[in-house]
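I have placed the structure first, in the form of structure tokens, so that the comments after it can refer back to it.
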Amino acid sequence: MDIIASLGLGFSVALDPTNILYCFIGVLLGTVVGCLPGIGPTATIAMLLPITFSLSPAGALIMLAGIYYGAQYGGSTTAILINLPGESSSAVTAIDGYQMAKRGRAGPALATAALGSFFAGTVATLLLAFFAPPLARAALNFGAPEYFALIVLGLLVSIALAHGSILKALAMIVLGLLLGMVGQDIYTGQPRFTLGFRELYSGLNFVSVAVGVFGVAEILRNLENEKERDVMVKAVKNLWLSKDDIRRIVAPVLRGTALGSLLGVLPGGGHILSSFASYSAEKRLSKTPEEFGQGAIEGVAGPESANNAAAQTSFIPLLTLGIPAHPVMALMVGAFILQGITPGPNVINDQPALFWGIIASMWVGNVLLVLLNLPLIGLWVKMLSIPYRALFPAIVLFACIGCYSINQNIFDVYAIGVFGVLGYVLIRFGCEPAPLLLGFVLGPLLEEHLRRAMIISRGDPSVFVTRPISATLLALALAAVIIAVLPGIRRKRKEVFVEED
Amino acid sequence: MAVSKFETKDLVSGCIFVAAGAYFALESLTYEIGTAFRMGPGFMPLMLGTALSLLGLAIAANGWNKPDSEEAPVWPWRGLILIIGVIVFFGATIRGLGFVPVVLVSSFVAAMSSRLNSPVFAAMLAVTLTVMCTLIFVVGLGMSVPWFGPWLPL
């Protein structure tokens, strides 16, 4: 079988001692930032992007991927122990996980989260291995109109799944698209929106934008209303699950994995949506729905499996189509480009060792995460007592040093400040920053494919609806928007996203 | 600061979008627009800028007759000024003063932007961070920046 040979190749890359080390560093960092509320994987990956420049492509991408799914594990620890989501997708875990911790069952809750995530991660990694190659082959037949339609689909679905006002999310995407157009025009070389700065000819620095709107803006928001957090559970004992617990979590873990794997492929925060979807599914299917919210172990098992599965499968659109499904994946695109590789359907053929190495490393990373999270839980509990006021200066510094070190360009440092303020002001007035970043990354691609498609069709816009694949994709995009504005779904979105950050 | 009949959040964010959209649309008029067949550099930004302004109007209109229900959070002036100040200071002096002094001063000032941090704590944090960053970035990752820059008489 092809796939076995490919996975063999992948494991030979992933099990290389240096790559295991990078994978370990990645999942360790991911767990750390996942645990600490106020700093998430997006800002961390953005800050570390410049550092990865000096690593090998496989090492760099394995490490960054590790940060992302590592954060999904770490986030649950914080959610369970201090009722604060360390990472936005673990907001649901806090509901029942914290109740379990209050009843002295923090150990089983943490074990459930870790084991559920591990199982989900394993399954999702296999799915990735099976489905990525045929998708990449299909993508090779995509022309400019299909890519355009796909990007539109990605952008619009991300609105449907984002929380808060749909209009605002749409406006943030458009603003992101426009910011992505700063710099020289790809066809004519005409500099656009550079305000006369020569430094802007190559466009705004992606890392500065990301660190500004996700790192600095978030710090400013936390400084609005400072308070110390307290850790209720000082020590966690008894991690073992009883026979009864195991019996209760099997089905939720399986359902969560299936749900998460599916939703993760969708653009726009699939891992957040999947944990909410899994929670409400478990509640509906349970024979004892009244236990939910009072410390039901199913309410931890389902969502935690779902968000980890989704974290893995969200690599599918990136690795096969080169289209990022959400901001973290957009940063991964940045990482590929820093390494001189264009992400997309060609990666699998041109760089098979890299492609399969990343996939295999996800499984290795999941093993490392279980080892890190369960035996070392005491360490993470201690770390939660580091106050935020000691952390954020480090974030500011790392952001400046990281951005400066990419090109030794002072302009990139100033850009962090500009986007920090812009991001903060927009967050303050009810606009989420994630769609902006997605638009920013996809803007140049969208423009390039639209213009190319129009040249091919000699100015006839019907090309998008007469080609079957692009017509289907656009129809799906339209459906996503219609569903999002339907009154019933709108109410549901409000309920679902009410707890979030 | 609520304008009586509008929700402040919607009104302000709407206005920001209108202004940003207008800037991009007007600026793109100075570039070649082209036709749908051969789009010039101004085509996409003109369309998107116009769309953004319209979205901004719609957002502001959406806030009509919805008086603010919750108190606006206080502006973190101290944090805003100090943190942005740190970023500007970092950019302006990293070449002249060199890594160690810039990081030392920046981390102290950044730490002071929290009201919960005492100057002593901030100073301790600054020293720790400076040692850490120098080890990680300059020694470990070989970032090419002098420890002490040409502005210092060392």
Side-chain angles (χ1 to χ4, degrees), chain A residues 51 54 165 167-168 170-171 174-175 177-178 181 185 187-188 190 192-193 216 219-221 223-226 228 387-390 392-394 396-402 404-405 408 410-414 416-417 420-421 424-426 428-431 446-447 450-451 454-455 458-461, chain B residues 8-10 12-13 16-17 20-21 24 27-28 31-32 35-41 44-45 48-49 51-52 55-56 58-59 62 73-76 78-80 83-84 86-88 90-92 94-95 103 106-107 110-111 113-117 121 125-126 129 133 137 141-145:
Chain A
I51 298 176
S54 53
S165 152
L167 271 178
K168 282 181 185 165
L170 198 56
V174 178
L175 183 59
L177 290 171
L178 282 165
M181 279 167 201
D185 175 47
Y187 287 98
T188 62
Q190 156 104 46
R192 297 186 290 182
F193 315 109
V216 175
I219 292 174
L220 292 172
R221 205 178 62 143
L223 287 177
E224 272 171 4
N225 185 7
E226 295 181 70
E228 303 272 350
Y388 185 70
R389 63 194 163 92
F392 80 86
V396 176
L397 261 282
F398 276 38
C400 292
I401 299 170
Y404 177 72
S405 67
Q408 319 283 321
I410 290 170
F411 203 83
D412 292 344
V413 179
Y414 297 141
I416 308 173
V421 175
Y424 171 65
V425 170
L426 286 168
R428 202 183 152 92
F429 294 111
C431 304
L446 184 78
E447 187 185 21
L450 175 65
R451 284 165 78 171
M454 293 310 271
I455 291 174
R458 313 196 64 80
D460 180 7
Chain B
T8 319
K9 274 186 172 179
D10 284 349
V12 177
S13 57
I16 295 174
F17 290 129
F24 279 102
E27 176 80 13
S28 59
Y31 311 137
E32 192 203 331
T35 61
F37 176 14
R38 288 201 184 280
M39 293 181 191
M44 280 289 276
L48 290 173
L52 185 59
L55 281 170
I59 289 168
N62 203 23
V74 285
W75 283 90
R78 175 168 172 167
L80 260 170
I83 288 184
I84 302 309
V86 162
I87 293 171
V88 173
F90 185 95
I94 182 76
R95 290 205 182 131
V103 171
S106 301
S107 42
S113 60
S114 165
R115 276 175 294 104
L116 303 176
N117 280 341
F121 182 82
L125 193 68
L129 269 177
C133 287
F137 290 97
L141 294 162
M143 185 177 163
S144 61
V145 58

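Here is how names work: the chains are called A, B, and so on, in the same order as the sequence lines, proteins then strands, and each is numbered from 1. No experiment lies behind these values; they were computed from the predicted model shown.
- The line from OH of A:Y388 to OG of B:S114 is 9.5 Å long, rounded to the nearest 0.5 Å.
- A centroid separation of 6.0 Å or more is found between the aromatic rings of B:F137 and A:Y404.
- No part of A:Y187 comes within reach of chain B, as not one of its non-hydrogen atoms sits under 4.5 angstrom from that chain.
- Heavy-atom distances place both the backbone and the side chain of B:R115 under 4.5 Å from chain A.
- Using a 4.5 Å cut-off between heavy atoms, A:L397 touches chain B through its side chain atoms alone.
- Ranked by heavy-atom pairs under 4.5 Å with chain A, the list B:P73, B:A20, B:A36 is led by B:P73.
- In terms of heavy atoms, B:L125 sits closest to A:R389 at CD2-O, 4.3 Å.
- When heavy atoms are compared at a cutoff of 4.5 Å, A:Y424 approaches chain B solely by way of its side chain, counted from C-beta outward.
- With a 4.5 Å cut-off on non-hydrogen atoms, B:T35 does not touch chain A at all.
- From B:L80, atom CG reaches atom CG of A:L220 across 5.0 Å, with rounding to the nearest 0.5 Å.
- You'll find the side chain of B:C133 reaches within 4.5 Å of the side chain of A:I401, heavy atoms only.
- Taking every heavy atom of both residues into account, A:I410 and B:R95 meet most closely at CD1-NH1, 3.7 Å.
- Heavy atoms closer than 4.5 Å to chain A are found in both the backbone and the side chain of B:V74.
- Between A:M181 and B:L48, some side-chain heavy-atom pair lies under the 4.5 Å cut-off.
- Interface remark: of the candidates B:D10, B:I84, B:L55, B:L55 forms the most heavy-atom pairs closer than 4.5 Å to chain A.
- Here CZ of A:F429 is found 9.5 Å from NZ of B:K9. Values are rounded to the nearest 0.5 Å.
- Heavy atoms closer than 4.5 Å to chain A are found in the side chain of B:I94, but not in its backbone.
- Here the side chains of B:M39 and A:M454 are in contact, with some heavy-atom distance below 4.5 Å.
- Evaluation of the side-chain hydrogen bond (donor to acceptor under 3.5 Å, both in side chains) rule for A:D185 yields A:T188, A:R451 as partners, not counting sequence neighbours.
- Across all non-hydrogen atoms, the minimal contact from B:V88 to A:Y414 is O-CE2, 3.6 Å.
- Taken from CZ in B:F24 to CG in A:L177, the straight-line distance is 10.5 Å, to the nearest 0.5 Å.
- At a 4.5 Å heavy-atom cutoff, the contact between A:L426 and chain B is made by side-chain atoms alone.
- Between chain B and the residues A:V425, A:L450, A:V421, the largest count of heavy-atom pairs under 4.5 Å involves A:L450.
- Residue with the most contacts toward chain B among A:I455, A:L446, A:V216, A:D412: A:I455 (heavy-atom pairs, distance under 4.5 Å).
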Would you check, one step at a time, whether the test side chain to side chain contact (heavy atoms under 4.5 Å, CB included) holds for A:D460 with B:F37?
CA-CA 7 Å; A:D460 180 7; B:F37 176 14; over 6 Å; no
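- Between chain A and the residues B:S107, B:A126, B:P76, the largest count of heavy-atom pairs under 4.5 Å involves B:P76.
- In terms of the salt bridge (charged side-chain N to carboxylate O under 4.0 Å, His left out) criterion, residue partners of A:E224 (sequence neighbours excluded) are, by chain and number, A:R428.
- Shortest non-hydrogen contact noted between A:E447 and B:P45 is OE2-CD, 4.4 Å.
- Across every non-hydrogen atom of A:A394 and B:L129, the tightest pair is CB-CD2, 3.6 Å.
- Top candidate by heavy-atom pairs under 4.5 Å with chain A, chosen from B:G56, B:S113, B:G79, B:G21, is B:S113.
- The two residues A:R192 and B:P41 have their closest heavy-atom pair at NH1-O, 2.6 Å.
- In this structure, chain B has heavy atoms under 4.5 Å from both the backbone and the side chain of A:C400.
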